[in-house]
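Heavy atoms only: backbone and side chains are in, while hydrogens, waters and symmetry mates are out. None of these values were measured; they are calculated from a predicted model. Here is the naming used below: chain letters follow the sequence lines, and residue numbers restart at 1 for every chain.
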Number of protein chains: 2
Amino acid sequence: MERPELPLAQLHAFVVLAEELHFGHAAARLGIAQPPLSQQIRRLEDKVGHALFTREPGRVALTAAGRELLPAARRALTDLADGLAAARAVGSGRAGHLRIGFAASLALTVLPGLLRAFRGRFPDVRLDIREMTTAPQIAALRDKSIDVGLLREPPADDASDEAELAFRTVLTEPFVAVLPSAHPLAALRTVRLARLADEPFVLLPRETGPRLHDQITGLCAAAGFTPWVAQRAVEWQTVCALVETGLGVSLAPASIRRIRLKGVAFRTVEPNARTRVAVGWRKDDLSPLVAHLLATVSRDPDSAR
Amino acid sequence: MERPELPLAQLHAFVVLAEELHFGHAAARLGIAQPPLSQQIRRLEDKVGHALFTREPGRVALTAAGRELLPAARRALTDLADGLAAARAVGSGRAGHLRIGFAASLALTVLPGLLRAFRGRFPDVRLDIREMTTAPQIAALRDKSIDVGLLREPPADDASDEAELAFRTVLTEPFVAVLPSAHPLAALRTVRLARLADEPFVLLPRETGPRLHDQITGLCAAAGFTPWVAQRAVEWQTVCALVETGLGVSLAPASIRRIRLKGVAFRTVEPNARTRVAVGWRKDDLSPLVAHLLATVSRDPDSAR
DNA sequence: GCGCTCCATACGCACAGAGATATCAGACCA
DNA sequence: TGGTCTGATATCTCTGTGCGTATGGAGCGC
């Protein structure tokens, strides 16, 4: 790639003149007087080394050399205009590409509203959403395979080893007991946690979200028992299905009320605790898209319908 | 098409830096010091309105906006470089497109050498050659459907109605008598024209080249007779074939000796006259290609082998 | 012949920007 | 802790060029 020889301003003048084929009109379209235009063209012709127009009195026409240069000049100008517009759109966050990880349990609650709100505001941004549990999201944020994560129970903000990631709580929600409809406790409005002490439990594997898992077992411990986990399942959907078949009961974030199954009842528990849903991102990620997404999350707190 | 906002020099610097990802190396490749390069990039970023590179200590990288701008910048630069080169090639006559009309009788003499010489000198020029007799060539030159004509017996240079066309004689050649090999006159080295007075003639139609036709009949008239035209044919090739079958004799430019037929003999005639082959072009055609072709014609006078 | 249109030329001004040198600041390494 | 590498900043110079106004000159039509 060599040093460019032709100033863009002159090429612009050239293209306009090639369209108008009239110095006066072309100058008017360019918003300048006629003599400067003559100069522009002259300078361009000097640089090219050949005449680009023939000026017979009354008629201006392109030469063969001019016909050769014209399409290249036109392409270059439109390419640059388009490229500049695209770069500005991306730079300002009006366009681009955002990869979002999300916890499966949010697929029916926070996520739809958030996506709808964001898409409404930034229709040219391509959203790449992928379901991931908490721990993989943190790893994915670190290795930059996602830009934003929506997860449950993030590491504490002040954890020393999380210097590169930031989290902000999006919402908190209570836990609910997940019971088979036929279960005696399902008849109550509120279930005291201790009453679940002897029930078999269905839970997610601890690795998929250690802090949430610990919070659940911690709740049980506070109620005076250690839950006996009869079955593990990797999705809340599956957990509910297993509960329906009578394999056990569960404790889950209230979000999963959205999973409507005939044979499953959700009951508030007592004593309760709230679990946090947070949004996480890389602190050093200056992308305006991330900023916009974070702003959208804050602006629409009830997007978690 | 709007006024271009991004100076090409800055885009060039941008592209080079995007390839090197190192200010020092990029500056070296650009042949400038490092601070000016920093300025170029800064100015470009100011105009775009967003950062194009991230400068973490030790590693320079493109931002999303920069990645968006890069291909457009690259395309624009190469387009312009290519377009400029093409325009210069066309302007200088090293490339382009030339339409040449030629008389059929030259297809075996002047033309091959001329084309070979021209192609050798200007391999990037596309030559569009089309066979035309004299009168259509003049019309084609006028309406610009050909750029150069190779023809026999052009109108006189000083003809008042030929102000827009110019002609230059390429070569002159004598006439030869075309006889069946078995013809008694074929036994002679030279044929006196008057001896053909009672022979039937095979000639081209007058319209295809009135001046050549008139020259032939003029020769006969000078020898004291008016030729009896037993047959007309539109190509010299055909004329020779008809002579071979004994349908008559003919008078033709010496070029047609190239048409070798077993039963046809070519004999010089006496008295003789020479016929001119000329190249014609539009006087107002400033194309360097035409100038080059004319120069080639002059430079290789013996291309008429 | 006169005026009109159209383009070129001449001259002047002002500003952007490309280049240089010199210096500074942060990161990293020995 | 000091040296090195990297990029940013400051300041200055100078050229290019973009634009203006004023003017010239060639065709063309009335």
A.B. asks: Would you call Leu289(A) and Val148(A) a side-chain contact if the rule is heavy atoms closer than 4.5 Å?
C.D. replies: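 Result no, sub-4.5 Å side-chain heavy-atom pair not found.
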A.B. asks: Quick one: on DNA chain D, does Arg43(A) or Gly24(B) contact a more 5' nucleotide (nearest heavy atom)?
C.D. replies: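 Its nearest nucleotide lies further toward 5', so the answer is Gly24(B).
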A.B. asks: Regarding Glu153(A) and Thr275(A), do their side chains bring together a donor and an acceptor under 3.5 Å, going by distance alone?
C.D. replies: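 Yes, Thr275(A) and Glu153(A) have a side-chain donor paired with an acceptor closer than 3.5 Å.
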A.B. asks: How long is the line joining CD1 of Ile41(B) and P of dA18(C), in whole Å?
C.D. replies: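 In whole Å, dA18(C) P and Ile41(B) CD1 are 11 Å from each other.
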A.B. asks: Tell me the interatomic distance from Glu45(B), atom CD, to dA8(D), atom P, rounded to whole angstroms.
C.D. replies: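 Value for this atom pair: 8 Å.
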A.B. asks: Output yes when at least one side-chain N/O atom of Lys47(A) is less than 4.0 Å from OP1 or OP2 of dT17(D), else no.
C.D. replies: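 Lys47(A) to dT17(D) OP1/OP2: side-chain N or O found under 4.0 Å.
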A.B. asks: Within the structure, does a side-chain N or O atom of His25(A) lie under 4.0 Å from either OP1 or OP2 of dC6(C)?
C.D. replies: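 Looking at the OP1 and OP2 atoms of dC6(C), neither is under 4.0 Å from any side-chain N or O of His25(A).
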A.B. asks: Answer yes or no: does a side-chain N or O of His22(B) lie under 4.0 Å from OP1 or OP2 of dG7(D)?
C.D. replies: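 Indeed, a polar side-chain atom of His22(B) lies that close.
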A.B. asks: Which whole-number value in Å describes the distance from Leu37(B) CG to dT9(D) P?
C.D. replies: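 Spelled out: CG on Leu37(B) to P on dT9(D) is 13 Å.
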A.B. asks: In whole Å, what is the span from the CG atom of Leu52(B) to the P atom of dA8(D)?
C.D. replies: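 After rounding, the gap between these two atoms is 12 Å.
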A.B. asks: Is the base of dA18(C) touched by the side chain of Gln40(B) through a donor-acceptor pair closer than 3.5 angstrom?
C.D. replies: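 Per atom types, no contact qualifies.
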A.B. asks: So, OP1 or OP2 of dA8(D): does either fall under 4.0 Å of a side-chain N or O from Ser38(B)?
C.D. replies: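 For dA8(D), OP1/OP2 do have a side-chain N/O of Ser38(B) under 4.0 Å.
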A.B. asks: Output the single nucleotide from dG7(D), dC19(D), dA10(D) whose closest atom is nearest the side chain of Gln39(A).
C.D. replies: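 For Gln39(A), the side-chain atoms sit closest to dC19(D).
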A.B. asks: Just how far, in rounded Å, is P of dG20(D) from CD1 of Ile32(A)?
C.D. replies: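 Taking atom P of dG20(D) as the reference, CD1 of Ile32(A) is at 6 Å.
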A.B. asks: Of all the choices, dA8(C), dC6(C), dG18(D), which nucleotide is nearest to the side chain of Gln34(A) once you look at every atom?
C.D. replies: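 The answer is dA8(C).
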A.B. asks: Taking any heavy-atom pair under 4.0 Å as a contact, classify Arg42(A): base, sugar-phosphate, or nothing.
C.D. replies: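 Sugar-phosphate, no base atom in range.
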A.B. asks: Tell me: CG of Asp46(B) to P of dA18(C), nearest whole Å?
C.D. replies: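 Those two atoms, CG and P, are 12 Å apart.
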A.B. asks: Looking at Lys283(B) and Asp285(B), is any side-chain nitrogen of the basic one under 4.0 Å from a carboxylate oxygen of the acidic one?
C.D. replies: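 Salt bridge between Asp285(B) and Lys283(B), a charged N being under 4.0 Å from a carboxylate O: no.
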A.B. asks: Tell me, please, which residues at least two apart from His50(B) pass ring pair (Phe, Tyr, Trp, His ring centres under 6.0 Å).
C.D. replies: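 Scan of His50(B) (ring pair (Phe, Tyr, Trp, His ring centres under 6.0 Å), adjacent residues dropped) gives none.
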A.B. asks: Specify the separation, in whole Å, of atom CG of Leu8(B) and atom P of dT17(D).
C.D. replies: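 My rounded result for the distance is 12 Å.
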A.B. asks: Measure the distance from NE2 on His12(B) to P on dA18(C) and round it to the nearest whole Å.
C.D. replies: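 In whole Å, dA18(C) P lies 13 Å from His12(B) NE2.
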A.B. asks: Can you check whether Phe167(A) reaches Ile138(A) side chain to side chain, under 4.5 Å on heavy atoms?
C.D. replies: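 SC-SC contact between Phe167(A) and Ile138(A) confirmed.
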